[in-house]
Structures are given as C-alpha cells and as structure tokens.
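Basis for what follows: all heavy atoms, side chains included, without hydrogens, waters or symmetry-related copies. A, B, ... follow the sequence lines: proteins, then strands. Residue 1 opens every chain.
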2 protein chains.
Amino acid sequence: MPRPAASRGSATGRVLDLLRSRGTLSRVELAERTGLTAATITNTMRPLLDAGLVREAGVDRQHDRGQPRRLLRLDPEAWYAVGIQVDRTTTTIVVLDFAGGRVASAALPGTAGRGPHATVRTLAEHTTALLDRSLVPRGRVLGTGLVTHGPQDLERGMLLTAQPGPDWLEYPLADALAGDLGLPVLLENDASAAAFGELWAGSPPTDTFGLVYMASGIGGGVVVDGEVYRGRASNAVEIGHVSLNGGRTPCVCGGSGCTQAEAGPEAVVARALEDRALAERLGVAGTPDRTLADFHRIARAWRTGDTAAAGLLEASAAWIGQAAVTLVNLFDLDTVILAGPAFTVAGPVYRDRIAAELERHALGRSLSRPRVLVSSNAGTAAAIGAALHVLRTLPVEAPPALPATTESTLTLQGEP
Amino acid sequence: MPRPAASRGSATGRVLDLLRSRGTLSRVELAERTGLTAATITNTMRPLLDAGLVREAGVDRQHDRGQPRRLLRLDPEAWYAVGIQVDRTTTTIVVLDFAGGRVASAALPGTAGRGPHATVRTLAEHTTALLDRSLVPRGRVLGTGLVTHGPQDLERGMLLTAQPGPDWLEYPLADALAGDLGLPVLLENDASAAAFGELWAGSPPTDTFGLVYMASGIGGGVVVDGEVYRGRASNAVEIGHVSLNGGRTPCVCGGSGCTQAEAGPEAVVARALEDRALAERLGVAGTPDRTLADFHRIARAWRTGDTAAAGLLEASAAWIGQAAVTLVNLFDLDTVILAGPAFTVAGPVYRDRIAAELERHALGRSLSRPRVLVSSNAGTAAAIGAALHVLRTLPVEAPPALPATTESTLTLQGEP
DNA sequence: CAGCTTAAATTTATCAGGTTAATAATTGGC
DNA sequence: GCCAATTATTAACCTGATAAATTTAAGCTG
C-alpha cells in the first residue's frame, strides 16, 4: 500500500499543509516552521513548482538587507475538492480550491424522512449543479468528502447505526455517491471533520483541542498535537451519548440522560413546545425535520433579549458544559471549540456557559485556564474539513491540462 | 536533543520491545513481527550482541528443513530497573531485570499521613535494601520509575494536586528521590504506567484498550495501537472524576458524583461502616490509611459467599461500569482491563458487572463485543510498568563491567 | 557419504530522505 | 561600483532502511 505523496509525516505534506493554512510563505519561513533545513525546502519545492501545484508570488520586502525572500503559494486552480455535510435537518455542500479557498457553497434541507438512495441521488445532483455553476473543471476535482454522524465504517463507507432510519444501516453511502458523481468519496465523522476543518482552515490558538459539534445531534472530536484522535475504528468521542449526572430523558441509543437527549436542538425545541404561549411567541412550529429552523428561532429571540429563550438555551448549555468537563478531563485538554450549524446563532450563550462549567470543574484548570471558542465557520466547518481531508489525503499530482476551449479562455484572461 | 537508542520508532527499540515481551525469538520471527527485512534485523542485532544486551540462546527446531533459526533473547543481567508505586494506603516496589523478569518486589504501607520528604526517604531506604538483598549490582541499575496518582508535572517530577496533603503540591518528588537513591527517577501516572505494564508485560488480547486503575483512588489509562494516550500534558483519562448519572457524594476535587467518590475503596468501606453489625461481621475496622485492608476484607467475605459484601462491591462496580461506558464511548475502545491493588481480590465481581454495563450501553458493541479483563498482575502492574518505562526510555549502552570481586563470584558459580 | 534441496543469515550495492558546508544570486548601503 | 547581508541552490555525505546475491547450516536422497 503506497503512501500518498502528501501524507503528514513527509516534507512535501508538511509544506503543503503550511501553505494551505498560512496562504503565502517564503522558503525561510517554511524552513523555520517545519524545522527542516533551507536545502530540504528547496528540494521539496522544486517538484511542486514543476508540477504547477505551487507558484512563486512576489517577494517579501519586510527585511531591509540581503536578497529578499521569494513568496510561495499554492495554485488555487490546480485542484478542487468537494465537502458535503448531511444530516436529518441540514445539508451543506462546499467546493474548495487547492489553496483551501471557498469557491462555492450551498445550504440545503436535510435528509428528512427520505431513504439513503434518494438522498444520495439528490446530493449528487446538487453537487454537480454547484460545480457547473462555479465553473470548476470536472477533471480537476480530486474527490468528495462526505460527512455524517457516527458510528460509521469508514473503510466500507457506511453507517453502523439505524439513524436516521433503518434503511441507512450499512447502506453503501460512499460507493453510491462515488458512482453517481464519478468521483472518489471519503466518508468521515462530522465532528472529526469539523475538528479537522478548524485545525487547517480556522485559526485555533493551539493544535490540541476538543470540539463539540451540534447539528441535529451532538458529536465530539479531539485533536492532539495537530492529529485527530481516532481510537480503535474512527468512532471516537461520542460525546452525545455520555450519560450526564441528573439526566433522565430517554435517548435513541437506548440509554438515558445522554447529552444529546438532554441538550440537543430537539430537546430544546421540545421544551419550548411544552409552553404553548412561549412556542407561539417565539414562532416555534415543531415541524418534524425542521428542528434546526425552530432552534434558530429560539436563538434569535435570545439575541433580542428574550429571557425565556435565554433560559432554554442556558439549560441546554449547562448540560453540554457537563459533557465538556468530562471531555476535557478524560482527554486532558484546555481548549474547546464549538462548531456545527446549531452554534451559528446561539454560539455565544453556549460558549459562556460551557466556559463557566469548565472554570468550576475542569481538573487541569490550575495548570492552564480553560478556553471555549465558537468556530468562525460554525455552519460549514464540517464540510470544509471533509474537503480539506480530500485535498490532504488523496495523492496529488500535476493537474491535468484543461480542454482547449477553457485553456484559451484562461490564456486570453491572462493577457492584458 | 539526541533520541534515546531504544525509542519506539527505531528498529532497535522495536526489537528490544519484542524480545522483552516475547522472551525469545528468532531473527526471522523478528523480521515478520516488525515488518522489517531480515537484513535489517541482522544489522540491528549485531551491535546489541556486541554490547552484550542480547545473546543467542539455542536454535528453534520447529522447522524440519533448512538452516535452523537461531534464537535470541535479552541478557537479563545486562541492566536492571526499579519501579515504585506509592499511594496513601499502599506502596509496591519491584526490581526488573533487563528482560523484564521480576527480580525482587516488596509490598509496604502507603504514605499514610506523612509528608513527601519522609516518604521519599523511606522509599529510598526500602529500595536500597531491596536492591542489596537481591544482589543486584548497583552500577547496573538504569533508573527508577516513580508512580503516583495525577495530576502531575512529569517534566518537573512533581504533583499538581494537594492530595494526599497540601505539602505534596509541587514538592520535587522525582528530584528528591533521585538525590537519595543516586539514580535517575522518572515520574509517571499510576494508571498510565499500569496500562504500559499490561501492554509490555501482560498479555493483552489487543494493543488498543482502556484501563481502570483502582488503589486508594481511581484512575484511567488508554492505549491505542500500542501507544499510551497522553493528551496535552500527560494528565489524561482522569476517569475518577467523571460525574456519574445519579451520583451525589461530594468529592475531594470539589465536584460531586465522581466515580472515585461513589465507587472508590473508601466509599465501599464507608458504606460497610454504616451498618455496625455488618462492619463487625466482615472485620471492617475503618482505620484511616488502612482503607485497602478493610476493602480486601470485604472482598474476601464476598469470595466466601457473603451476600451483603457482594452487594457492597456490586454497587461500586455498577458505578465504575457507568464510567467505563463513558471511557469506551469517548475513546472508541472494545477492551477494558482492570488493574491496581484494589482488584487483586475483588477483580472478578468488578469484571462481570462492568462487562454487563458495557454489553448494555457501549455504542460500538455491535461492531465488536466489549471485553473486560482483570490484569494478571493487578497489584504490581503499575510498578512493573514504571520499571519497564525506564528500561524502554533511558538510553541503553553496553553494561559496565562488574567489580572484580563480584565477577569472580559469578565465575565460580558458573564452574561446576 | 557426496550432492542436492531448503531455509536462515549475511554481505553488498543501492536508495530515500534528510543533513552540512560551500557556493551562487540578489539586494541595500556606503 | 563594491561590500555586507541575506536568500537560494548545489554538492557531498550520512542514516536507516531495502533488494538481491551469497554464504552457512541443516535434512534428504540415492
């Protein structure tokens, strides 16, 4: 099994990672950040420059003497990758260029009650349309990262749970989508992908952190020393099913008092619906498969100062805070990042409440003060992470020449 | 910073590990197990044979044709290491030879109410006595692994908690012991050391497992792909302070419902003491700093069929089972090993009850059936792990020649 | 028992991926 | 226009592995 050229250990993989996350760097900076010598950087960059994956982009005139540093950047048009996050109530598709820039994105409804076959077909149609609309040459799309909740069998590209319905269990999601799209598809866990996205596309203050992902359900991810923790079979950090002290609500997993059952968007909406007048005031409809829309209504009410809405969110955040304490204590962390569509509006309430819980209960708090941050790309972090995963793991060669028509168009644009 | 010769990645480190855990292997088997070529094994072994760390030990006549495989083993007398596990209520000291064999061991009372200074002095005295008694040449002792509960600062070799008393916080344990013993001292977490000991000296069915360590307190360790999970600062897997659903007992950590407070030996003994008649029948004295002795009395009563004792242990095991479910779900594991002095007698009750909890609640149970095992060295696993850690991490050179007197004695013994 | 087969162990040449040290290139300042 | 400073490249080499050929040590066979 030959390793992909850009695997993490190699010099090539490391400089590509750095250029993708920092944008533009000189050889000297690359040498400093990787710990490699300047000679190695020269030798590593040459084939990348020859292949057209990396380009020189001006010089750095910060330093006043000597030869100026020549800046390097990834050629964004060398390759593209697609990331798809799909869930019962939301779907996000993003297209990234080789430099990690967002070329296009789409937000769609979730799987609702539909089966995997229909869902995959719809995803393929939307993805094809998005690629066409954004004028991305099909031959330069490296692959697609598909992101769902766990537990999953990543090798076989299927879910190992009957959620959202029994027909999803062991349905060959990755293969089906790969067939419809004509592209390789990598399946990934949503929370791990979001952690991955934060690591390489966000600006986390450290390369060791935990992540709480909330969409329709709640998941977790952990990154230690820049490496995603995967465990035995990549189904790690199922924080949504930690049984919380004081919890009683029964959960789909068969247990009770799970984080997801107590604190997930569904639980928050259900609690709002218990009070008819409140639900009406907040505009909470209770439509099945529209849970996140209702959740966002509650979050927006909180933003305009509604104390009842604040109470609902605070209660949920307190539960997640307890789960975060367990996460931080077991994995020895000091930083927790919040990502997922549920945090796009309500992020700050959760951040503050979770931070307070950690401040009180995290064991390592004397060593370093716990931090909680809302991802700057909360809604798209998982899809971005999935696309980045494709860019990082699939073997990268010189991009294929484009068909003549497109070539000439580009050439014309390039000539003043 | 030069890497120690036996670090895990290198061929040298890997063959030493294999020889230590398997005892005796041919070059062909070493090549197969490491994935290295026969040529590399030859080249790796030569300096080890020259240095006297490895010796040829007969041939393997299993195969009937061709040149027989020559067997290799570590020379047990090349080096030695000490492992010390210390706790409020128990102390264990072991001396291992270079092959990982147990040369000597001692079980002593714990720190009780004494301060770190007096404790370190006592440990040094006992260790010196043990080394003298077992005729281990002092010049061949590589170092000492000191094992305590966390949180710790491994670099500085000190505790970051005021347990068991305020004078322990940031007392330079490792340096003090190193001074008294005249040997390098490595500080380690008890549960991680036990996990390490199980991995290399036990016979775990897999190289990915979680470990619950119970002595005076409760700790956790995780090994993934043969590597101990360390987290940000090696204070990972504090399973003793996971807040459990239904728990109310206040804990020394400031929280309530923690595994340790609900299920630790102290809690079990306290519950026994609540019933005067029961305590008397079981012989539970309630003497402070003798908690484990009382706990063992309850465990022995269970073994002779006492249902009240069984009830006490079952209740504790149920709590730990809940913590184990969280451990297994967050770290994505299917195997849990029980180690620590508290499991020497009571192990089986805990094993069965924890297995039942995992069977019901572990998320990955459909993927692979969860297993729970009691360590075959429950009482000494941590001390053994600490000594192995020393053997594995400190740089290993050719052992120094012994003083003439000892040499001649040995020579005399060798002559018939 | 010489010669053949089999398998283990070793030697030799080579490679991959990095290093160090020397050299070339490019600029600002005097 | 030359020098000092700094970046980038080249060349020699080092480390830790591999593949292929060779040597060694058996058992089998006629």
Student: Can you name the residues that form a side-chain hydrogen bond (donor to acceptor under 3.5 Å, both in side chains) with Asp153(B), not counting sequence neighbours?
Tutor: Arg156(B)
Student: Under 4.0 Å between a side-chain N/O of Arg46(A) and OP1 or OP2 of dT10(D), yes or no?
Tutor: yes
Student: How close or far is atom P of dA9(C) from atom CD of Glu29(B), stated in whole angstroms?
Tutor: 10 Å
Student: Is NZ or CZ of Arg392(B) both nearer than 6.0 Å to the six-membered ring centre of Phe196(B) and within 45° of the ring axis?
Tutor: no
Student: Considering only residues two or more places apart or on different chains, which pairs with a residue in residues 22-42 of chain A satisfy salt bridge (Lys or Arg N to Asp or Glu O under 4.0 Å)?
Tutor: Arg27(A)-Glu56(A)
Student: Once you round it to whole Å, what is the distance between C1' of dA8(C) and CD of Glu32(B)?
Tutor: 12 Å
Student: Can you tell me the distance, in whole Å, between the CG atom of Asp60(B) and the P atom of dA25(D)?
Tutor: 17 Å
Student: Do any side-chain nitrogens or oxygens of Arg27(A) fall under 4.0 Å of OP1 or OP2 in dT7(D)?
Tutor: no
Student: Provide, to the nearest angstrom, the distance between the CG atom belonging to Leu30(B) and the P atom belonging to dA8(C).
Tutor: 13 Å
Student: Tell me: CD of Glu56(B) to C1' of dA8(C), nearest whole Å?
Tutor: 11 Å
Student: Sugar-phosphate means primed atoms, P, OP1 and OP2; the rest is base. With that split, encode nucleotides 13-29 of chain C 5' to 3' as B, S or - using protein heavy atoms under 4.0 Å.
Tutor: -----SBB----BBBS-
Student: Output all residues satisfying side-chain hydrogen bond (donor to acceptor under 3.5 Å, both in side chains) with Arg46(A), sequence neighbours left out; order by chain, then residue number.
Tutor: Asn43(A)
Student: Taking CG from Leu25(A) and C1' from dA8(D), how many angstroms apart are they, rounded to a whole number?
Tutor: 16 Å
Student: Round to a whole Å and report the spacing from CD1 of Ile41(B) to C1' of dT18(D).
Tutor: 13 Å
Student: Cation-pi check for Phe98(A) against Arg20(A): NZ or CZ below 6.0 Å from the six-membered ring centre and within 45 degrees of the axis, yes or no?
Tutor: yes
Student: Below 4.5 Å, heavy atoms only, C-beta onward: do Phe209(A) and Asp334(A) meet side chain to side chain?
Tutor: no
Student: Which residues pass the ring pair (Phe, Tyr, Trp, His ring centres under 6.0 Å) test with Tyr229(B), not counting sequence neighbours?
Tutor: Tyr229(A), Phe331(A), Phe331(B)
Student: Kindly calculate the angle separating the two end axes of the helix from dC1(C)-dG30(D) to dC30(C)-dG1(D), each obtained from five base pairs, and round it to 10 degrees.
Tutor: 30°
Student: For Ser368(B) and Arg232(A), which I'm curious about, is there any donor-acceptor pair between the side chains at under 3.5 Å?
Tutor: yes
Student: Can you tell which of Leu72(A), Val15(A), Thr44(A) makes a side-chain contact (heavy atoms from CB on, under 4.5 Å) with Val54(A)?
Tutor: Leu72(A)
